[in-house]
Structure formats: structure tokens, C-alpha cells
Amino acid sequence: MTDELVCRRAKRERIRALGMQPYAERYERTHTPHEAAQLADDTPAVRIAGRVIALRWFGKLAFGHLADCSGKMQFALQRNVLAERFKDFEQCVDVGDFIGIEGRVFTTKTGEKTIDVQTWTFLSKALRNLPEKFHGMTDPELRMRRRYLEMITTPETMARFRDRTTIIRAIRAYLDGHGFMEIDTPVLTNKASGAMATPFVTQYHALDIEVYLRIAPETYLKRAIAGGFDKVYEFARSFRNEGIDPSHLPDFTLLEYYCAYWNYEDNMAFTERLLKHIVHELKGAYDVSYAGTQISFDGAWPRVTFRDLILRDAAIDIEACPTRETLLAAMADKNITFDDMSVIKGAGRATLIDLLYKKVSRPKLINPVFVTQHPIELSPLARRNDTNPNVVDRFQLVVNGWEIVNAYSELVDPLDQAERFAQQAAARAAGDAEAMQVDEDFLLCMEYGMPPISGWGMGVDRVVALLTDTHNLRDVILFPLLRPEA
RNA sequence: GCGCCAUUAGCUCAGCUGGUAGAGCAACUGACUCUUAAUCAGUGGGUCCGAGGUUCAAGUCCUCGAUGGCGCACCA
């Protein structure tokens, strides 16, 4: 054990010996530190509580700061005011401890509002030192493993998580204000459906079955529409058994909503209004700076089809390439290659289109753009376009090269849905772990009838990262998953 | 999964071509009634990520492993 640990444990006993409780039960506050720092001089009997984050001793005088989530306030201890209790403080209180203080407000020579402590109460002993105050914590592993320390030492971190809550509240308020109803659907499910992703699997002992953590709430929210609700949403914590990187988490917040009688164009219009509102609520403007580039949410957001986008960026017309082979030939003709060419080996035409899009187009989409009319093979739950049966009525909102929103006119034709599931099942049998599982229960629901629907999924963590200029999704969630410490 | 990089005191980091383990902050002792990265004097603190290897000698070089970061791939 280090010196510090030994010493702090000894102080914990000294606190008891002096008749105090090292872990007190409660403390009656009159103000937060932030509020108290606004009070007029000579306001008496101000009581605040918090963590001691700094202490400076001058023999018979000491200054320190007490902080809570509202902010911090300076306090002064004087021996000629506190008498014996001055020495007790010196012997018992360390940076990191929680204390309550009561005193009178004054302003120091340097102009800082300060509480002249008349009495103090020990609240809770910290047995470990806080990280160094000047550099704070920079080791990314420690910052994530002990996020609470980063929160204490880094105000920007606190601000970021406050912004996250502000954004989520604003979204919720907007949806509630537009007639949507927040509902809850299962996390443990029989079928991992609603997206193409590898699920987490676990065992449910009571029913003796395998269950899947949801990868998306989609099919349940649609069941709720079938049941008669016309506008529903859920902030759905979803789980995907895939890699962790700066834009992917195994455990992330997927907001989905569904609205009866809308098509994807109604949905696009609403999406644009919703997101502009959120950006403005948080930033007070429509411009956002991200990693040094300016992103503008202002003006009407462009809408471009998959076909036009690839035509523009790669000079390939995907409609003129109806097969995998013709498309590969066109790509070869334009000298389009991938770092790892093995990815195109087993890829069908639709997957190739998707790869092409991610390679040549998506990284260029910085300001918000709606990308529409995706290949049908990539969209097993989306409604087929009425004029072109090879594409679906779908859009993705792309910002900063990230897919933020994925939406479509929902497929509500049970026979078409059954066919799409069959295609997915075939792909799955052929070894595609991410192909969708057949969800008979969802099909049954659809057979009883669903109205026209358009719905939507949004990566909340990505939106928060974008609006807070955060470059790794693990820094917009408080406690990311890491391997256990050795 | 693959590649590159990192890991030294509680925290932030130095430690060159191999030669007795260092600093700042934090801690401890003392001085100090207006400081705020307080200051000054002194003291203690190390499984140099782990296991092997090369060498007279390894924090340093080599191999394997652990954890983390970044990039690639998969994916929102």
C-alpha cells in the first residue's frame, strides 16, 4: 500500500477519534456552490456541500474550493475564527473528501466570492488521491475505466455529458410535442430482427431457450402500429456483436420512431425539421464545427439517389449494370479498387453497390444529405418502389460521412415480406452471419394488416458526438465496455 | 481478425549508442493570514505491464503474452 493510502486511512480513524463520522448520513444545504458564489457579501449562514478539490495552507489561514456538479466556490478557514476546529480540519481533510461548510459570504482581495467558514462538517473520506490537477488525466484507458475521475478533473467532460442529456431531452420533447408516444419493447427476444447485424446470444434458464439481445426495436414498434397506435418511438439501447471503433459501440442507443400513413418523403421532411430544431436547441445556431471542419445544417438539405450519387462520384451508372459481372467490369474500367480486394469476392451486385458508395461517395458527404432509393437486396424491411422494382423507398441521412438516420416507407405486404425473409434466409444459409433471421411472428402480425407506415432509426450516440465535437463514440457514453483489468 | 504504436512513482512524463531509477504535481514534516498550478526548506515513495532469452551488465536489445490507442476490414 502506498504512503497516501496508509495516511488517509489513519485520518479516517482520527476523524472518528475526534467524535466525527467519516461517512456522514446527510447534510442540509441552503445553496449549491454555484448559487452561493452569486450571493451578496455578508450573507450569513450559507451552507454548501461538495468535494474539496483544492486546498492552500498559510499557517493560520487556508483557502480551498468546494465543488459539486453546479460548479465550485472558494472557502476560507481562519484559525482565529475556528480555534481548535482549524487544526482538526488540517489533520482530517484532504483534497477529494466531501465536507459541508457554513459561513458568511465575502469577497477576497483578488475579487473572488468566498465563504468565511464558521463551522464545518465532515461528510465522506476519500482514501485515494485525485489525479494530478494541472494535466488531469490523459491516458485514454484510465479516462474510460475511471470515468468518474475524468468527470471530476475535466469540466469539458462534464459539459459533454450534460449536452448529451440536453440533446436527448430536446428530441423527446419534440417527438412528444408532435403526437408521438414513447413505448418500451423487449430487449431479450426470440429473433434478432430489424437490422442486419450479428447479435449477442444468451441463455434464458427459466424457459430453457436461447434468446437474443435486440439489434433494433423495429419489428416490435411496427407491431405496436399494427395494434393501433399511430405514432410511436423508443430510445432503444441496442446490442451488436461486432467490432468497436471510433464510430461503433457494441451497446448503443438507437432511437426509432414509426408513423402510420406517412411515406418516406413525409418522413424526410419531418427529419429535417426535427434535426434542425435539435441543433438549434443545443448550439443556438445551425452551424457546427467538427474536427476543424464546418458543418452547416442550414438551408434545404439536398436529396440524391444512390444511382445519381455513384454516377456523379464514380461515373458508373448502376442501372446500366444489372449484374454483378457488369458492375465489376465497370469498376475495373474506372480503376476502382479496395485496399482489401477480398471483400468483393463473395459480394453480390447489391453489396458491390454498397461498397462502391462507401468508397467513392459517403466520405464526401459532409453537410447533411439525404441519400435515397437503395438497392432492394440491402433493405429487406423496406417497401419496393412503385416504378422501379429494383430499389426501395428508403433514405439515409448522411452527415460528416456518417450514416445518422436510416428510414423507409415500411414494407407492410406480408407476402412480399415473406419473400424477402426467404432471400435473407438463403444468404444466411450461405454463411452471411448478418443476414436477417426469418421472423414468423412478425409476419403473422403483418398478415392481420398494417397501415402504410414510415419509420426511422437514428444513432443517438453519433448525433451527440457530432454536436459535441467528440471524435470517438466511447467518449459520449459514460462507461464504455473494456476488457477487465488484469 | 490484420498492421503500426504505447505501457517507467498515486497522476503527467523524461530516461540518447545497454553501465547504480529521474523531474513536476500529489503525499509526509516544518515555516507562512488573501491564495487559487500558492511559495520556501526537508523527507519518503518503483514487480520500469508480465514471462522467457541475449549479455560481464537490460527500463533500454530479441521472442512470446497481456492491456490500451490508432489505422484497415465488418457494421449504425
Distance-only, no hydrogens or angles: does the [X] side chain make a donor-acceptor pair with backbone N or O of [Y] under 3.5 Å?
X: Q424(A); Y: R420(A); value: no
X: R9(A); Y: L127(A); value: no
X: N400(A); Y: N367(A); value: no

Parallel, tilted or perpendicular: which fits the ring planes of W456(A) and Y257(A), with parallel below 30° and perpendicular above 60°? parallel

Under 4.0 Å between any heavy atoms, over every strand shown, what does [X] touch: base, sugar-phosphate, or nothing? Just pick one.
X: M144(A); answer: sugar-phosphate
X: L254(A); answer: nothing
X: Q74(A); answer: base
X: W402(A); answer: nothing
X: E403(A); answer: sugar-phosphate
X: K11(A); answer: sugar-phosphate
X: G59(A); answer: base

Between the base of [N] and the side chain of [X], is there any donor-acceptor pair under 3.5 Å?
X: E112(A); N: U36(B); result: yes
X: N80(A); N: U33(B); result: yes
X: D245(A); N: C70(B); result: no

Roughly how far apart, to the nearest Å, are [N] and [M] at atom [atom1]?
N: G10(B); M: G46(B); atom1: P; result: 8 Å
N: C49(B); M: G69(B); atom1: C1'; result: 15 Å
N: C25(B); M: U20(B); atom1: C1'; result: 27 Å
N: G65(B); M: C28(B); atom1: P; result: 44 Å
N: C5(B); M: U17(B); atom1: P; result: 16 Å
N: U29(B); M: C16(B); atom1: C1'; result: 37 Å
N: G44(B); M: G22(B); atom1: P; result: 13 Å
N: G1(B); M: U8(B); atom1: P; result: 25 Å

Starting from the 5' end of RNA chain B, give me the residue, D139(A) or F106(A), whose nearest nucleotide shows up first. D139(A)

Both H471(A) and I244(A) contact RNA chain B. Taking the nearest nucleotide for each, which residue is further toward the 5' end? H471(A)

Atom [atom1] of [X] to atom [atom2] of [N]: distance rounded to whole Å?
X: L5(A); N: C11(B); atom1: CG; atom2: P; value: 11 Å
X: K113(A); N: C34(B); atom1: NZ; atom2: P; value: 20 Å
X: H65(A); N: A37(B); atom1: NE2; atom2: C1'; value: 13 Å
X: E90(A); N: A31(B); atom1: CD; atom2: C1'; value: 12 Å

Counting only Watson-Crick or G-U wobble pairs whose two distances fall under 3.5 Å, which nucleotide matches [N]?
N: A51(B); result: U63(B)
N: A23(B); result: U12(B)
N: C28(B); result: G42(B)

Validate the cation-pi geometry between R223(A) and Y220(A): distance from NZ or CZ to the six-membered ring centre under 6.0 Å, angle to the ring axis within 45°. yes

Derivation and outcome, ring pair (Phe, Tyr, Trp, His ring centres under 6.0 Å), residues F270(A) and Y174(A): CA-CA 11 Å; F270(A) 183 78; Y174(A) 195 87; 5.7 Å; yes

Taking OP1 and OP2 of [N], is either one under 4.0 Å from a side-chain nitrogen or oxygen of [X]?
X: R474(A); N: C70(B); answer: yes
X: K109(A); N: U36(B); answer: no
X: N472(A); N: C70(B); answer: yes
X: T138(A); N: C13(B); answer: yes
X: R483(A); N: G68(B); answer: yes
X: R56(A); N: U36(B); answer: no

So do F306(A) and S361(A) actually touch side chain to side chain, heavy atoms under 4.5 Å? no

Stacking between F63(A) and the base of U35(B) (centre distance under 5.5 Å, interplanar angle under 30°)? yes

